[in-house]
Amino acid sequence: MVVHMTKVKICGLKSLTDVEIVNKYLPEYVGFVFADTKRFVSDELASKMKQALDKRIQSVGVFVNEPQEHIISLYEQGIIDLVQLHGDESMEYIHELKKKINVPIIKAVRVQNAEQVREELQQEADFMLFDTYKKGTYGGSGERFSLVILEESLMEEENKRSYFLAGGLTPDNIKEVLGSVDCYCVDVSTGVETDGSKDEEKVREFIERVRGVK
């Protein structure tokens with residue numbers, strides 16, 4: 001059996017200080033949020049952060065129902081390496097985007113039940129991202145969801161997909177989570193913050209604990 005090391009994505013970077021922190025601990029991915037949330041960053045700030053980012057870290061642009069021209073422009077400027085769609089984007093939307101730019105696409109699913117997850121697995125995205133469903137929000141709630149739903153929906157061979165796991169992950173619970181699911185990457189934002197800002201100690205601890213899990 002091939003044992004892969006679970007990758008880490010630190011999402012919602014908002015400053016060059018955040019970039020300095022991740023450059024020390026080298027998660028595989030970071031997220032720049034272009035959606036209208038408390039972690040929104042402008043194209044200008046994202047460009048500065050990308051320039052300061054260690055070349056070994058890939059940047060993910062996080063979007064909610066975004067016009068495709070904007071996504072394409074950010075990709076062509078080299079500001080983002082991957083695209084994460086966190087809204088109500090349809091299969092057609094993903095299909096069209098893939099025709100226009102050759103970029104890995106992550107499609108977020110706000111998990112409600114196994115049947116809904118199975119349905120979403122038909123998407124053309126390169127990766128799925130499973131996050132907590134919270135009415136009226138598109139993610140970033142900092143709350144967990146039942147991992148049993150994932151186990152149920154991913155059991156069948158044809159449903160096995162590489163996925164990112166988000167929703168309420170923290171340095172304190174990550175070992176237990178990784179003991180029960182086999183995900184490609186864990187995605188954290190709120191769980192490594194103190195008072196709404198990235199906390200270096202929490203980032204370090206989170207990444208070390210993920211990498212300590214075999």
Qualifying residues under salt bridge (Lys or Arg N to Asp or Glu O under 4.0 Å), relative to Asp199, sequence neighbours excluded = none

Main-chain N/O of Cys11 paired to Lys198 side chain as donor or acceptor, under 3.5 Å | yes

Hey, are the side chains of Tyr163 and Val109 touching, using non-hydrogen atoms and a 4.5 Å cut-off?
-> no

Are side-chain heavy atoms of Val41 and Leu13 found at a separation under 4.5 Å?
-> no

Distance-only side-chain donor-acceptor flag, Ser47 / Gln51, under 3.5 Å | yes

Tyr93, Phe34, Phe40 screened by ring pair (Phe, Tyr, Trp, His ring centres under 6.0 Å) with Phe63, the one that passes = Phe34

Taking every non-hydrogen atom, the tightest pair across Gly167 and Thr132 = CA-OG1, 3.5 Å

Answer yes or no: does atom NZ of Lys98 have more than 12 heavy-atom neighbours from other residues, nucleotides or ligands under 6.0 Å?
-> yes

Paired with Lys9, the side chain to side chain contact (heavy atoms under 4.5 Å, CB included) test is passed by just one of Val186, Asp187, Val188, Leu165, namely Asp187

Between Ile57 and Val19, does a side-chain contact (heavy atoms from CB on, under 4.5 Å) hold up when you go through it step by step?
-> CA-CA 10 Å; Ile57 304 173; Val19 173; over 6 Å; no

Any ring-ring contact (aromatic ring centres under 6.0 Å, His included) pairs touching residues 8-30, not counting sequence neighbours?
-> Tyr29-Phe164

Do the non-hydrogen side-chain atoms of Phe206 and Leu169 ever get within less than 4.5 Å of each other?
-> yes

For Phe127, does its backbone N or O pair with a side-chain atom of Ser162 as donor and acceptor, under 3.5 Å?
-> no

State, to 0.1 Å, how close Glu124 and His95 come at their nearest heavy-atom pair, and which atoms those are.
-> OE1-ND1, 2.8 Å

Arg209 side-chain N/O to Pro171 backbone N/O, donor-acceptor pair under 3.5 Å = yes

So which heavy atom on Gln112 is nearest to which on Gln116, and how close?
-> N-OE1, 2.7 Å

Taking all heavy atoms of Asn23 and all of Ala52, pick out the closest pair and write down the distance.
-> ND2-O, 2.9 Å

Candidate pair Leu97 and Ile72, rule side-chain contact (heavy atoms from CB on, under 4.5 Å), full reasoning | CA-CA 8 Å; Leu97 187 59; Ile72 292 163; 4.1 Å; yes

Check the pair Val64, Asp36 against side-chain contact (heavy atoms from CB on, under 4.5 Å), reporting the backbone distance first and the verdict last.
-> CA-CA 8 Å; Val64 171; Asp36 186 16; over 6 Å; no

If you group Ile, Leu, Val, Met, Phe, Trp and Tyr by side-chain heavy-atom gaps below 4.5 Å, do Ile174 and Leu129 land in one group?
-> no

Worked check of side chain to side chain donor-acceptor pair (under 3.5 Å) between Thr190 and Arg39 | CA-CA 10 Å; Thr190 311; Arg39 296 192 180 90; 3.0 Å; yes

Check the pair His86 / Asp131 against side-chain contact (heavy atoms from CB on, under 4.5 Å), numbers first and verdict last.
-> CA-CA 10 Å; His86 221 102; Asp131 198 356; 3.4 Å; yes

Please lay out, stage by stage, how Arg211 and Glu28 fare under the test salt bridge (charged side-chain N to carboxylate O under 4.0 Å, His left out).
-> CA-CA 12 Å; Arg211 297 198 171 140; Glu28 283 76 13; 3.1 Å; yes

Salt-bridge test for Glu193 and Lys14: reply yes if a basic N is under 4.0 Å from a carboxylate O, no otherwise.
-> no

Counterpart residues, side-chain contact (heavy atoms from CB on, under 4.5 Å), relative to Ser59 (two or more places apart) | Val30, Phe32, Lys50, Leu53, Ile80, Asp81

Donor-acceptor contact present, side-chain Lys107 to main-chain Gly87, <3.5 Å | yes

Verify side chain to side chain donor-acceptor pair (under 3.5 Å) between Gln77 and Ser73, making sure each step is shown before the conclusion.
-> CA-CA 6 Å; Gln77 291 174 68; Ser73 158; 2.9 Å; yes

Write down the atom of Val22, the atom of Pro27, and the distance for their closest heavy-atom approach.
-> O-CD, 3.4 Å

Donor-acceptor contact below 3.5 Å, side chain Asn65 vs main chain Asp88 = yes

Answer yes when Lys202 and Glu205 have at least one side-chain N-carboxylate O distance shorter than 4.0 Å, and no when they do not.
-> no

Shortest non-hydrogen contact from Leu82 to Val103?
-> CA-CG2, 3.8 Å

